[in-house]
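The block underneath contains the structure these notes are about, expressed in structure tokens.
Proteins come first, then strands; the chains are lettered A, B, ... in the order of their sequence lines, and each starts at number 1. Keep in mind it's a predicted model, so treat the numbers as computed, not measured.
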Amino acid sequence: MANESPADEIPSRYDASQSDPALYQAWENGGVFRAEASDSKRNGGPADPYVIVMPPPNVTGVLHMGHGLNNTVQDVLIRWRRMCGDTALWVPGTDHAGIATQNVVEKLIAKEGKTRDDLGREAFLKRVEEFVAEKGGVILKQLRAIGASADWTRTAYSFSPELSRAVREIFVRWYEDGLIYRGHRVTHWCSRCLTALSDEEAESHPAQGLMYHIRYLLVGDASKSIVVATTRPETLFGDVAVAVNPADERFTAFIGTRVINPANGLEIPVIADDYVDKEFGTGALKITPAHDANDFEVGKRHKLAMPIILDPHGMVAEGADAAGRVPAPYAGLDRFDARKRVAKDLDKAGAMVKTEQHHNAVRRCYRCDTVVEPRLSDQWFVKMAPLAAPALAAVKDGRIRILPERWEAVYVNWMENIRDWNISRQIWWGHRVPVFYCLSPKAGCPAHFASRDDAPRCPGCSGGTRQDNDVLDTWFSSQLWPFSTLGWPDKTPDLGAFYPTDVLVTAPEILFFWVARMVMSGMYVTRSEEKPEGVVPFHSVYLTGTARDAQHRRMSKSLGNGIDPLDVVALYGADALRWTVIAGMGIGTDLLLDHEHIDQSFAPGRNFATKLWNIGRFLLLQVGAEPVKPVASLSPHELISADHWILARIDAAVAASNAALGPPRPRDGGAWSDSEHKLGLRLDEYAESARAFVWNDLADWYLEHAKTRLAPGHPERETARAVLVHAFDQALRLLHPVMPFVTETLWQKLPGRGADEWLAQAAWPSRGGHGDAKAAAAFDAERAGATAIREIKSQYGIPHSQTVQATMTGSAVLEHLFKYPDFVQKASGATLVAPDQIREETAARRILPNGIEVLVALDGIVDFAKEREKLGTELTELTKQLGALRGRLGNEKFTSKAPPAIVEAERAKEAEWAARAEQLASKLQSLGSA
RNA sequence: GGGCGAAUAGCUCAGUUGGUUAGAGCACCUGCCUUACACGCAGGGUGUCGGGGGUUCGAGUCCCUCUUCGCCCA
């Protein structure tokens, strides 16, 4: 190496693993992510608040691609608004995740051969707490690795004393308002988790099963019988009736008679009920009130017994009201074994008419995938209809928008058909239901009461009480997140400053679990005289897509097709991960990542980070560390066309980015208007417009152009330095929300950077208006000219390094070009000569859309057939289009009916195309004669 | 079964109230180590806008219908 370039002193690759962790630490130490309640306009401060509450991951969870995707979106929004001058608050936290965490610990102690009952409630809870203390919160550290700029000083935990107080507060209020009640009904029961579940927690899965047709003989006349169809013959022990539709003539004679339950020999009545569908199955239905929600309703109407014939573990057993209903051989059988056994025995006894394949849906526990059993029990419910009404209205009138919009219909549909929410769980890990029972109830003592205190006295007799054993659904505490994390029920400065929040970013599958319930509870707790309906907790819900593999399968542990975000960070850097996530995810579209080729999946992000790095490297080497003049201080005559051009491009990029990111909040502060309802949150479009500016405008053209002027001693060096540094500075600002690490690292190195300045807190670019459009057009002509010469050279296989002679004719802007030919010459590998220096008969040519003709001297190698073909194809195409255009303009209906502006534009187009066609035709003619 | 949505380049998707010769990224093809970057540069568009019908001066865009696929809730 004779001449070692100074570039070798700075590596040509950005090493994220080297600098990112320290940079993150510096941000955090510098309080960059901290939001002050006193800064919020709502507390008399100077800035608009912009608030996002992070969907709390399970406290013992670890980061997966879903988190990576979701939190990157949130971080982009928060960083964007922070730079825009808002008091941007991102509230992080974790969820105690009742069933999920309890399951994990139960598995742990199972390895020691123990169950939770062996330990007892207190010891078990201590064990869970220890586990959480040891393993919990890992995910919050992992979120830092991907650059999440959350305000960690406000980290919340759904099971903390503060948030537990909020849980108890709303429970008591709802209880006292009559919105929480004790219900005796059929709910979903998980026989593995040993708890009841809400409708939402029992997920429907399509299944293929058997439909059993079973004969029930008529009491007193065995020649007559009714055939009943069921998919669950093991529940026959719980049958208390056979029901038929009163209008079904096939069975009219049976109504009021009794039939024999073939499974246990008991006599049961035949009843008539409109619920029975004549078309379904055999038209006759067995009624098992304790093990089917619909049968329960039928049972209530007809005042039937409701025997429970399955124990909590899903074993056949004589439960409440079931004495004498389960014959001995079946007792203790697992429900699925019992199903086979019953079917077999009925078959033997001649009661099984037939079995057939049947499609149906089976509900499974969302935490352990066990098929849930409908089972009659006493549970705590929230009455939803009164809460749903305002929450429904908020979406309908635009106070809340849901993007993508189609989810609004889903939300509305759910709200309109809402069912009461079972909130009690028979597990131990969670907020204990704050309902108490008098230990020695007398007349005047309430059956139960809710209390904010841990050990209240009975309000009737002042005697001792015991607390309900159940705990609350995890989602009961999650629903409070937008206000419980800010201090509610106290009127804290934070609550005043930051509620309502702005955007909620989450996955569609928890729209009902979480989002809808936050709306309902948030509106409930903020009801006031001025706002009787309450205040919506956020104005926008952004539902992200799902991370999927190349075959469009959802990424999952069991499929082994996941990608660990931390692996990606280690290999390519957090910026590469973030870029890929943002650029690849349009609104509502899934993120497709190939787990078998993660290099390919993340290369675009990594490559772009490297590109930025190298732009910075060039800049630092060529521009030096000396301060530059502010662009605003440069007088217009100092700027040349390229400067005007890049300044105009910056403005265009800023405008495009702003449009893509959209209005941060509804303009009138209330509801979204129809015109802005769908605007913004197009993060992929923002990323792409910023990328295109940096790469295709700044690096490909302006930076190349600046090389000459940056030469030491060049008279325009200072101007070029100033504009280039300005342009790159703006570019880094524009890109910072997506690629915070590499942009901050480079920004810190820019000339004139003061101490304690952070890009993360720097101002978002605003449109400067410095670029003069007319001056910029001259540079466009240069670019077009250079491109045309390159194209000709490429077509004739002439390497870039081989210089050719070229010229241009036909436009006033060319004056400028011949005065400053350096750039076009360098960019295209050509020497620009006067038009008369090139003989037409030895030249290849292009005719640019603006009428400029480019000629490249190709003595001896120009291929006229090729030239004719090229021009000819273009002319043919243009003639065709022009014909259509003229047809339109000649059509009186068009000219009279279309808006004048459109007609005018079409006429202008016609003139332009005609001129071009003429130019092409004339060149073609001269080529033909050559 | 009820509700909602989608179908545009090889892949993933834009295409705003009907109005340029339908676009982008990735992939792909050709050439190039042009001293910031080969994780790069230059050049190249590869399309019956799912099929059929209709409304309109004009349809990728609106309506009807068929086909295929997806999502939510039962």
Hey, does [X] reach any base, or is it just sugar-phosphate, or nothing, if we go heavy atoms under 4.0 Å?
X	result
A/Pro508	nothing
A/Thr589	sugar-phosphate
A/His552	sugar-phosphate
A/Leu592	sugar-phosphate

Legend entry - Distance-only donor-acceptor test, A/Glu704 side-chain atoms vs B/rA36 base atoms, 3.5 Å: yes
Inset, instruction - Could you walk me through whether A/Glu408 and A/Arg401 pass the salt bridge (charged side-chain N to carboxylate O under 4.0 Å, His left out) test, one step at a time? - result: CA-CA 7 Å; A/Glu408 288 190 359; A/Arg401 61 172 181 168; over 6 Å; no
Presence of [X] side-chain N/O under 4.0 Å of [N] phosphate oxygens OP1/OP2:
X	N	value
A/Arg363	B/rA74	yes
A/Arg606	B/rC39	no
A/Asn607	B/rG40	yes
A/Arg888	B/rG58	no
A/Lys909	B/rG19	no
A/Lys611	B/rC41	yes
A/Trp695	B/rA24	no
A/Arg406	B/rC4	no

How far, in whole Å, is [M] from [N] if one measures between their [atom1] atoms?
N	M	atom1	answer
B/rC62	B/rG15	C1'	16 Å
B/rG43	B/rA24	P	14 Å
B/rC37	B/rA42	P	14 Å
B/rA9	B/rG23	C1'	10 Å

Inset, instruction - Would you please test A/Tyr14 and A/Phe741 for ring-ring contact (aromatic ring centres under 6.0 Å, His included) and show each step? - result: CA-CA 10 Å; A/Tyr14 173 63; A/Phe741 291 103; 8.4 Å; no
Legend entry - Pairing partner (Watson-Crick or G-U wobble, both distances under 3.5 angstrom) of B/rU67: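 Matched B/rU67 with B/rA7 under the 3.5 Å cut-off.
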Inset, instruction - Just name whichever nucleotide pairs with B/rU21, Watson-Crick or G-U, keeping both distances under 3.5 Å, else none. - result: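 In the structure as shown, B/rU21 has no Watson-Crick or wobble partner.
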Legend entry - More than 12 heavy atoms from other groups under 6.0 Å of CD on A/Glu918: no
Inset, instruction - Decide, yes or no, whether a salt bridge links A/Lys909 with A/Glu904 under the criterion of side-chain N to carboxylate O below 4.0 Å. - result: no
Legend entry - Salt-bridge present (A/Arg682, A/Glu688; N to O < 4.0 Å):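 Judged by the 4.0 Å cut-off on N to carboxylate O distance, A/Arg682 and A/Glu688 do not form a salt bridge.
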Inset, instruction - Return the 5'-most residue of the pair A/Glu688, A/Lys826 with respect to RNA chain B, ranking by each residue's nearest nucleotide. - result: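 First, find each residue's nearest nucleotide; the 5'-ward one identifies A/Glu688.
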Legend entry - Which residue lies more 5' along RNA chain B, comparing A/Pro799 with A/Thr895 via nearest heavy atoms: A/Pro799
Inset, instruction - Can you spot which of A/Trp421, A/Tyr366, A/Trp414 makes a ring pair (Phe, Tyr, Trp, His ring centres under 6.0 Å) with A/Phe513? - result: A/Tyr366
Inset, instruction - Among the candidates B/rC26, B/rC41, B/rU20, find the nucleotide nearest to the side-chain atoms of A/Pro604. - result: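 Nearest listed nucleotide: B/rC26.
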